[in-house]
> 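Please read through the structure below; I'll follow up with questions.
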Amino acid sequence: MSDRFADQLLAWYDQHGRHNLPWHHNRNAYRVWVSEIMLQQTQVTTVIPYFKAFMASFPDVHALAAAPEDDVLSHWSGLGYYARARNLHKAAKQVVEEFGGEFPCDQEQLESLTGIGRSTAAAIIAQAFGKRATILDGNVKRVLARYHAVPGWPGQTQVLNTLWEHAETHTPDDRARDYTQAIMDLGAMVCTRSKPACDSCPISDGCAARAHNEVKLYPGSKPKKAKPEKTTWMLILEDGEGRILLERRPPSGIWGGLWSLPELDPAYGSEELQDACEKELGITCQDPDLISGFRHTFSHYHLHIQPARLPVIDVSGIADSDRHRWLHRDEALSLGLPAPIRTLLTEPEQTALL
DNA sequence: CACCCGTGGCT
DNA sequence: TAGCCAAGGGT
């Protein structure tokens with residue numbers, strides 16, 4: 001099938017689309033796959049430097065499969081949603097072991113790989129292999145919700161199903177790769193969340209939301225929910241040689257697998273930190289310097305981070321292990337660190353001493 | 001279905 | 001400023 005929607009879109013894409021993104025060069029399934037995972041819930045401008053560095057270190061699926069997880073996570077440091085990196089690493093091993101290092105050109109087989117769902121599988125089929133497949137990412141949802149005036153929040157199953165049906169209908173048999181890129185480009189460049197450029201939209205003549213002057217109503221917004229507030233002590237335990245104690249996070253959960261700072265329960269008062277370090281970590285410290293705290297916001301809660309610097313007298317309580325490492329700041333910064341921890345270790349002066 | 005999972009840009 | 005949310009998927 002090929003309808004007017006696709007024809008207009010492709011004509012616009014030829015003139016105005018993005019044809020020069022890093023993953024458009026040396027295009028293959030591996031590069032398309034990595035870019036798609038990085039681009040999940042993440043904007044293009046944020047992804048570009050991460051993609052380039054990642055490709056320089058892991059040029060193909062074999063290199064990625066053979067890499068230590070720590071190396072993969074260090075390349076993801078700051079990008080967020082770290083399960084994507086863990087799943088990417090796992091899937092690379094799956095591709096090598098189950099598919100002989102060659103990505104399958106099949107929706108179901110692609111979806112069997114960890115971290116690849118319906119839309120990402122379709123994106124790989126279309127972009128890497130040039131075959132017809134239907135994607136439905138945030139851009140496409142917004143474009144189609146407006147074009148067909150689909151009410152409701154796309155998180156609802158019924159709304160989502162309706163959007164998938166429209167997406168399938170519009171997907172042409174020819175130019176699968178270009179069409180997929182075109183509809184995403186339209187969403188990112190013209191049919192934007194706020195201030196859409198309807199006057200320069202190639203499909204505005206058929207847009208139902210535009211016809212009723214109700215573009216702002218679509219797509220429906222997500223029901224809002226208050227984010228809980230949490231608090232934690234973050235300890236900068238520094239020995240006499242300027243080394244800091246880093247602690248690896250558990251393999252799943254927030255910041256899973258990343259290196260962070262030891263934490264203590266916020267129930268401890270600042271005057272109790274010294275004793276708590278002795279009792280919970282077996283480390284003897286001097287009086288703490290309190291560094292100004294700050295709030296870090298996750299997708300589903302706020303975290304007030306209260307850092308404290310404690311000069312360590314006796315390091316013997318904790319030796320280097322799989323879970324702990326004593327490292328200089330520059331060494332620590334080469335690890336996979338959560339963004340706020342990287343900031344804390346990079347710009348300690350920014351946080352005035354109290 | 002509801003929740004979990006980061007970060008940064010935009011308004 | 002504080003909220004919204006972006007090339008989603010897993011559990």
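Scope of the values below: all heavy atoms of this structure, side chains included, with no hydrogens, waters or symmetry mates. Remember, predicted model here, so these are calculated numbers, not experimental data. Letters A, B, ... mirror the listed sequences (proteins, then strands); counts begin at 1.
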> Please state how far atom CZ in A:R342 lies from atom P in B:dT7, giving the value in whole angstrom units.
11 Å

> Is the distance from the ring center of A:W233 to that of A:Y268 below 6.0 Å?
no

> Please report the distance, rounded to the nearest Å, between CG in A:L303 and P in B:dT7.
11 Å

> Please work out if A:L21 contacts a base, only the sugar-phosphate, or nothing of the nucleic acid, heavy-atom cut-off 4.0 Å.
base

> Please report whether the ring centroid of A:W33 lies less than 6.0 Å from that of A:F103.
yes

> Separation of A:H302 atom NE2 from B:dT7 atom C1', in whole Å?
14 Å

> Want to settle it: does A:G155 or A:T46 sit nearer the 5' end of DNA chain B, counting the closest nucleotide to each?
A:G155

> May I ask you to verify if any side-chain N or O of A:K222 is less than 4.0 angstrom from the OP1 or OP2 atom of C:dC5?
no

> Under 6.0 Å between ring centres: does that hold for A:F51 and A:F54?
no

> Quantified in whole Å, what is the C1' atom distance between nucleotide B:dG9 and nucleotide C:dG9?
23 Å

> Going by modelled atom types, is there a donor-acceptor pair between the base of C:dA7 and the side chain of A:R18 at under 3.5 Å?
yes

> Could you check whether A:H296 and A:F298 have their ring centres less than 6.0 Å apart?
yes

> Check this for me, if you would: do A:D205 and A:R4 make a salt bridge, where the nitrogen-to-carboxylate-oxygen distance has to be below 4.0 angstrom?
yes

> Nearest to the side chain of A:A339, heavy atoms from C-beta on, is which of B:dT7, C:dC4, C:dA7?
B:dT7

> What is the distance, to the nearest angstrom, from the CD atom on A:Q181 to the P atom on C:dA7?
12 Å

> Can you tell me which nucleotide in B:dC5, C:dA7, C:dC5 comes closest to the side chain of A:W23?
C:dA7

> Is the ring centre of A:Y13 less than 6.0 Å from the ring centre of A:H19?
yes

> How many whole angstroms separate atom OH of A:Y301 from atom C1' of B:dC3?
13 Å

> Using atom C1' in both nucleotides, what's the gap between B:dC3 and C:dA7 to the nearest angstrom?
22 Å

> For A:W255 and B:dT7, is the shortest distance between a side-chain N/O and OP1 or OP2 below 4.0 Å?
yes

> Assess the pair A:H75 and A:H89: is the distance between their ring centroids shorter than 6.0 Å?
no

> Once you round it to whole Å, what is the distance between P of C:dA7 and CZ of A:R31?
21 Å

> Counting only side-chain nitrogens and oxygens, does A:H296 get under 4.0 Å of the OP1 or OP2 atom of B:dT7?
yes

> Just call it for A:V140: base, sugar-phosphate, or nothing, with non-hydrogen atoms closer than 4.0 Å on any strand.
nothing

> Taking only side-chain N and O atoms of A:R142, does any of them lie within less than 4.0 angstrom of OP1 or OP2 on C:dA7?
yes

> What's A:G253 touching, base or sugar-phosphate or nothing? Going by heavy atoms closer than 4.0 Å.
sugar-phosphate

> Step through it carefully: locate the ring centre of A:Y218, locate the ring centre of A:W153, and say whether they are under 6.0 Å apart.
no

> Looking at B:dT7, C:dA6, C:dA7, which one has an atom nearest to any side-chain atom of A:Y82?
B:dT7

> Whole angstroms only, please: what is the NZ-C1' distance between A:K195 and B:dC10?
10 Å

> Please state how far atom CD in A:Q156 lies from atom P in B:dC3, giving the value in whole angstrom units.
14 Å

> Does A:H300 put a side-chain nitrogen or oxygen below 4.0 Å from OP1 or OP2 of B:dC4?
no

> Show each protein N/O and nucleotides 8-11 of chain C N/O combination with a separation under 3.5 Å, one pair to a line.
from	atom 1	to	atom 2	distance (Å)
C:dG8	OP1	A:G138	N	2.8
C:dG8	OP2	A:Q41	N	2.6
C:dG8	OP2	A:Q41	NE2	2.8
C:dG8	O5'	A:Q41	NE2	3.4
C:dG8	O3'	A:T120	OG1	3.3
C:dG9	OP1	A:G117	N	3.1
C:dG9	OP1	A:T120	N	3.0
C:dG9	OP1	A:T120	OG1	2.4
C:dG10	OP1	A:G115	N	2.8

